[in-house]
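Accompanying notes for the structure given below.
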Amino acid sequence: MTPIKEALELIHANVKPVKTEILPIESALGRVAAEHKFAQFDLPRFDNSAMDGYAVTMADAGGVIKSQDTIFAGNESDLKVTIGNGVKIMTGAVMPEGADAVIPVENTTETEDGIQLPDTIKRGANIRKKGEDITKGEQIVNFGDTIDAYLLTLLASQGITHIRVFCKPTVTVFATGHELKMHFEKVEAHQIYNSNAPMFIARSNELGCEAKFTGSTADTMESIKAHISSALDSDLIITSGGVSVGDADFTKDAFKELGMEVLFSKVDIKPGKPTTVGRIGKTWIVNLPGNPSAAAVNFEIFARSIINRLQGKNSPYIAPIVTKLAKDRKIKPGKFSVLMGRFDGEKFEVLEKQGPGMVSPLKSTDGLIIVTPEVDTLKEGDLVRVIPLAYNPTSKESLNLFTTV
Ligand SMILES: Nc1nc2c(c(=O)[nH]1)N[C@H]1C(S)=C(S)[C@@H](COP(=O)(O)OP(=O)(O)OC[C@H]3O[C@@H](n4cnc5c(N)ncnc54)[C@H](O)[C@@H]3O)O[C@H]1N2
Ligand code: MOO
């Protein structure tokens, strides 16, 4: 049995990213950059005003100035500021030559003689300096960064139209099991609906892959092999079921007969012991157990790590959240046990009702903890490392959002 840590190390050492393509930045959302991008010019591109007001010299502090012209954002201007003569300026407009500061309009008074300025004027006040935000040549996107809305903002701010990104990993999902029917099919009393395949497809797509389902296989070698052969153009094949020691558990053998090189087979994890990872040519294969919660948990730990690597991410490792346990919890010792639970932003609560064969815990799970074999009790307030599944927390109640008070 392979220890969890070693299984993850094997994944990280062996799985390499997929091909790349060049996309318009607006189509690159969620993709991973396959090149560095550098700033092509300073931002701001020119010294400009941070306020609507008057561009003035410090020598005019406490005095009255004349101001005849106005510079608007977007205006090309050769106006100059001299002692006694300011220029009205709008936020974002190019600073006129000779100006030391911008005085916001509400800090001035219009008099018969002109504009009355405050007694003190600080050099540079309300001027946004050329290059203070981004300097020309600065790296704005790193190879391996995920393009989110904010990286896209930076690219757009530099007039960058296209970027080289990794292609979406293609994922083929099939399920093995004589007992399985799809949710849109008629189910007999002795059959069950296949919930794992829709789960893997949805989750792979959520994680930025392009996943397809090729159907359920019968529990025969021929049927499983036919499905595998037709899926070998994918970057990743995910299966569930048929990996244990039952008389109809042929999944692993079928892959092996088609030349699967095994990276690891059987992990020291509960649930999920039968989890197997390997490859045929350039196609990675994850055989997960049929039990739905076991399949989900092991998908999150192993398949997600493979996906991170295929996507070319420069931060492909799972990053846990360290938090406190909400309630005491008895643990069956002797195993690396994965427990499903919920993080409310302050503490992690292990679900009371959970088991490898259940689907209901999945609706309330947004994090996992892995408890080491020597532990038989976790106490309220103990620090735990939570593997977040979808960390975009919202609450049913309005919570305090302020750092202080
Ligand atoms: N004698 C032993 N029996 C079992 C062992 C063992 O070590 N010795 N391990 C148990 C563990 S742990 C697990 S996990 C399961 C793994 O079994 P398989 O991966 O071979 O899965 P199946 O037998 O095909 O199915 C298990 C269970 O899950 C249901 N299932 C399967 N596919 C789906 C699907 N796509 N959607 C929903 N549910 C699915 C299936 O009907 C079974 O109930 O083996 C234990 N046995
Ligand atoms: O290890 Mo099985 O995966 O308990 O459910």
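When a ligand or atom number is given, it counts from 1 through the structure's own listing order. The basis for the numbers below is simple: all heavy atoms, side chains too, and nothing from hydrogens, waters or symmetry mates.
Taking every heavy atom of K270 and a limit of under 4.0 angstrom, the matching atoms of ligand 2 come to 1 (O), 4 (O). Counting atoms of ligand 1 from 1 in the listed order, those under 4.0 Å from a heavy atom of Y193 are 36 (N), 37 (C). Each of the following atoms of ligand 1 lies closer than 4.0 Å to a heavy atom of K273: 7 (O). Heavy-atom contacts of P289 reach the following atoms of ligand 1: 14 (S), 19 (O) (cutoff under 4.0 Å). Of all the atoms in ligand 1, the ones that sit under 4.0 Å from a non-hydrogen atom of N194 are 34 (C), 35 (N), 36 (N). Distances below 4.0 Å separate heavy atoms of P356 from the following atoms of ligand 2: 4 (O), 5 (O). Residue S240 approaches ligand 1 through these ligand atoms, each under 4.0 Å from one of its heavy atoms: 35 (N). Those atoms of ligand 2 that come under 4.0 Å of a heavy atom in P271, given as number and element, are 1 (O), 2 (Mo), 3 (O), 4 (O), 5 (O). In the vicinity of A294, heavy-atom distances shorter than 4.0 Å reach the ligand 2 atoms 3 (O), 5 (O).
When only modelled atom types and interatomic distance are considered, T239 and N287 share a side-chain donor-acceptor pair under 3.5 Å. A donor-acceptor contact closer than 3.5 angstrom is absent between the side chains of S364 and R342.
At least one heavy atom of S195 lies less than 4.0 angstrom from ligand 1.
Considering backbone and side-chain atoms alike, G272 places an N or O below 3.5 Å from some N or O of ligand 2.
By the criterion of a heavy-atom distance under 4.0 Å, neither the backbone nor the side chain of T251 is placed next to ligand 1. Of the heavy atoms in I192, only side-chain atoms (C-beta onward) come closer than 4.0 Å to ligand 1. When non-hydrogen atoms are compared, ligand 2 lies under 4.0 Å from the side chain of P289 (C-beta onward) but not from its backbone.
The one candidate from V338, T323, L378 that meets the side chain to side chain contact (heavy atoms under 4.5 Å, CB included) condition with I369 is L378.
Atom 31 (C) of ligand 1 has its nearest heavy-atom neighbour, among G290, G357, G272, A295, in G290. The closest non-hydrogen atom to atom 43 (O) of ligand 1, taken over N291, T176, N287, T239, comes from N291.
Residues N314 and N142 form a side-chain contact, since some pair of their non-hydrogen atoms from C-beta on lies under 4.5 Å apart. Taking the side chain as every heavy atom from C-beta outward, P373 and K335 never approach each other to under 4.5 Å. Under the 4.5 Å side-chain criterion, counting only non-hydrogen atoms from C-beta, V171 is not in contact with S234. When side chains are defined from C-beta on, R31 counts as touching K168, because their heavy atoms get closer than 4.5 Å.
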task: List the steps, then state whether salt bridge (charged side-chain N to carboxylate O under 4.0 Å, His left out) holds for K186 with E188.
output: CA-CA 7 Å; K186 188 167 174 284; E188 305 292 340; 3.6 Å; yes
query: Passes salt bridge (charged side-chain N to carboxylate O under 4.0 Å, His left out), K37 versus E35? Steps please.
result: CA-CA 6 Å; K37 282 286 189 195; E35 62 173 333; 3.3 Å; yes
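The main-chain N or O of A50 is never found under 3.5 Å from a side-chain atom of N126 such that the two would form a donor-acceptor pair.
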